[in-house]
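Shown next, in C-alpha cells, is the structure this report addresses.
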Amino acid sequence: MTAEEMVALSRAHTLYEWSAQSQVDPIPVARAKGVYFWTPDGKRYLDFNSQLMCVNIGHGDPRVVTAIAEQAATLAYANPFLATEPRARLGAKLAEIAPGDIDTFFFTNGGAEANENAIKLARAFTGRHKILARYRSYHGATAGSLSLTGDPRRWAWEPGMPGIVHVLDPYHGIERGWDTAERALSLLEEVVELEGPQTIAAIFLEPVTGTNGVLVPPDGYLPGVRALCDRHGILLVADEVMSGFGRTGRWFAVDHWGVVPDLLTMAKGLTSAYVPLGAVGMRRKIAEHFRDRVFYGGLTYNSHPLACAAALATLRVYEEDGLIERAARTGRVMADLLGGLAARHPSVGAVRSIGLFGIVELVRDRRTMTPMAPMGGSSDAMRALGRFFREEGLYTFVRWHTFFTNPPLSITEEELREGFAIIDRGLTITDRAMAE
Ligand SMILES: Cc1ncc(COP(=O)(O)O)c(C=O)c1O
C-alpha cells in the first residue's frame with residue numbers, strides 16, 4: 001500500500017483517539033527495526049518515544065517474533081477458565097521480578113483494564129469505596145481509569161465514576177515548582193483525614209508520573225505515602241504501566257525507594273507492545289482474600305496465550321541483554337545531554353529524567369517560567385518544533401509545552417546522540433519565540 005492510501009483509508013474509516021478527525025495527520029508506518037521505523041516511501045524515523053513509551057526492547061526483536069509465531073501455531077487461544085503453559089510460566093516469572101510479596105497476577109488487555117481491575121480488587125478487599133488519585137496523572141481511558149485520571153483528558157468524561165477524590169502531588173507546575181516530601185505528605189494526610197480514612201479503599205499513583213511530566217518524587221514521599229496507607233488500612237496502588245519494565249533503570253520505579261505497593265498495575269513494557277497485555281499484581285494478603293471469595297471480574301482475553309508468550313519472550317530479552325542495567329547506564333548519558341540542552345537554550349525551563357524516562361519543559365520567559373504553551377493546549381512555537389522533529393526524522397511526543405525523550409532501552413549512545421543533535425537544532429525555534 002502506498003503512504004497516501006494508508007493515510008487516506010485510515011482517516012476515512014478509522015477513528016483517531018484524542019483528536020478532532022480533521023486535525024489528524026498520521027505518519028504512515030510500514031516497518032520498524034531496533035530504534036528506527038520507516039514510512040512506505042523509505043523515510044526513516046528515530047523512535048525517541050518507544051512509540052507510546054512501550055516498545056522498551058526496541059522494534060522487531062526476532063526472539064519475541066519467533067515466540068509469538070510458535071505460540072500461534074501451537075495454541076493461539078484458550079479461554080481464561082483453562083490453564084496454559086504461557087500463563088503458568090508468566091505468573092511465576094512476574095512473581096520473581098515484582099517487588100516484595102506481589103506474587104499473583106490478573107491479566108488484562110492493557111493498562112486501563114489493569115487499573116479497572118485494581119479498583120475492583122481494592123474495593124472488594126477493603127470493603128470501602130473511595131479512591132484517592134492525583135491531579136497530575138493518567139490512568140487510562142475506560143470508565144473507572146479515566147475517572148482516576150487527573151489530567152484534562154478526564155474533563156470530557158465527567159462526572160465519571162463516583163467515589164474518586166483527586167489530590168495534589170509534590171509538583172505544582174513549572175512556575176511554582178516542588179513541595180518537599182514533608183509538605184506534600186502533610187497535604188495528602190489532611191485530605192485523608194477530611195475524607196475519612198475508614199472510607200478510603202486505595203490511593204492510586206504513578207510512582208514516577210509519566211505523560212504529566214516525568215515527575216520524580218522527592219525522596220521520602222513514596223515511603224511516606226506507604227506509611228500513611230498502613231496507618232489507615234488503605235491500599236497503595238502503583239500504576240507502573242509506563243514507569244515499569246526498565247524505563248527508569250530498575251524493573252519497577254518503586255524499586256528506587258524500596259516501596260512495596262499492595263497492587264501494581266502494568267502493561268506497555270510487559271510485552272514491549274508486540275501483543276497487547278496488561279496485568280495487575282497483588283500482594284499475598286490480597287490474593288488470599290480471594291481464595292474463598294469470588295473475584296467478580298473477567299475478560300475473554302484474560303491470560304491470552306499469545307500475549308503471555310510474547311511477555312515471557314520479552315522478559316527474557318530484558319534479562320539476556322541486561323536492558324534494565326543498560327537503561328540506568330545510558331540514562332546517565334541522557335541526563336548529561338538533557339543538562340546540555342538546558343545550558344545552551346534559554347527556552348529550556350526544566351529538564352528531568354530517571355533512566356531513559358526524560359522530558360524537557362519549554363518556557364517563554366525564564367524569569368517568570370511562563371510555559372511555551374498553556375496546559376491542555378499548544379502554541380505556534382510548539383507546533384513548529386513538532387514539525388521540525390518530524391521533518392528531521394525524530395519521532396517523539398510533543399505535548400503542551402513539553403516534549404519527551406523516551407527511546408527504547410536498547411538504544412546505543414551513538415543513536416542517543418543522533419537524536420539529541422536534532423533536538424539541539426530544533427530548540428533554536430523555541431529560543432527565537434521567547435518573550436523579548
Ligand atoms: C501510567 C499509565 N497508566 C495507564 C495507562 C493506560 O494504558 P492503556 O492505554 O494500555 O490502556 C497509561 C497509558 O499511557 C499510562 O501511561
Side-chain angles (χ1 to χ4, degrees), residues 15-19 47 49-56 105-122 131-154 157 160-161 164 166 169 171 202-217 222 236-248 251-254 261 263-281 297 299 301-302 304 307 310-311 314 354-359 396-400 402 404 406:
L15 201 68
Y16 278 86
E17 54 188 65
W18 308 116
S19 308
D47 190 351
N49 202 49
S50 309
Q51 291 302 302
L52 216 45
M53 300 87 159
C54 52
V55 187
N56 289 8
F105 300 84
F106 180 76
F107 294 110
T108 66
N109 295 293
E113 281 181 357
N115 285 324
E116 292 291 337
N117 284 285
I119 294 172
K120 285 200 186 97
L121 289 163
I131 313 250
L132 265 51
R134 304 189 305 180
Y135 278 104
R136 291 176 194 278
S137 71
Y138 179 69
H139 295 292
T142 50
S145 297
L146 204 52
S147 302
L148 289 176
T149 291
D151 85 15
R153 283 172 278 192
R154 166 177 46 88
W157 166 246
M161 177 190 276
I164 292 170
H166 285 101
D169 48 68
Y171 189 67
I203 299 178
F204 273 66
L205 50 79
E206 296 169 72
V208 171
T209 303
T211 36
N212 282 282
V214 187
L215 304 174
V216 185
L222 283 178
L236 175 59
V237 186
D239 178 345
E240 295 247 17
V241 169
M242 196 175 281
S243 58
F245 298 101
R247 177 55 54 198
T248 69
W251 275 110
F252 296 100
V254 288
L263 296 168
L264 189 154
T265 59
M266 60 189 89
K268 294 188 188 274
L270 174 56
T271 55
S272 275
Y274 281 52
V275 177
L277 184 68
V280 46
L299 297 159
Y301 301 138
N302 164 12
H304 198 289
T314 303
I354 178 167
L356 285 172
F357 208 6
I359 195 167
T396 193
F397 252 51
V398 179
R399 182 177 192 257
W400 309 350
T402 71
F404 291 86
N406 302 318

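Every heavy atom of this structure was used, including side-chain atoms; hydrogens, water molecules and symmetry mates were not. Each ligand, and each atom within it, is numbered from 1 in the order the structure gives. Being a predicted model, the structure only gives us computed values, none of them experimental.
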Residues in side-chain contact (heavy atoms from CB on, under 4.5 Å) contact with [X], at least two apart in sequence or another chain:
| X | result |
| --- | --- |
| Ser147 | Trp157, Met161, Ile164 |
| Trp400 | Pro152, Asn212, Met375 |
| Ala311 | Leu90, Leu270, Thr271, Leu277 |

Item checked: Glu240 side chain vs Val254 backbone, donor-acceptor pair below 3.5 Å -> yes
Notebook entry, point to check: Distance under 6.0 Å and angle within 45° of the ring axis: does Arg136 meet both against Tyr171?
Noted result: no
Next item on the list: Write down, by chain and number, every protein residue that brings a non-hydrogen atom to less than 4.0 Å from an atom of ligand 1.
Entry: Gly110, Gly111, Ala112, Asn115, Tyr138, His139, Gly140, Glu206, Asp239, Val241, Met242, Lys268
Check: Would you call the rings of His166 and Tyr135 parallel, tilted or perpendicular if under 30° counts as parallel and over 60° as perpendicular?
Finding: tilted
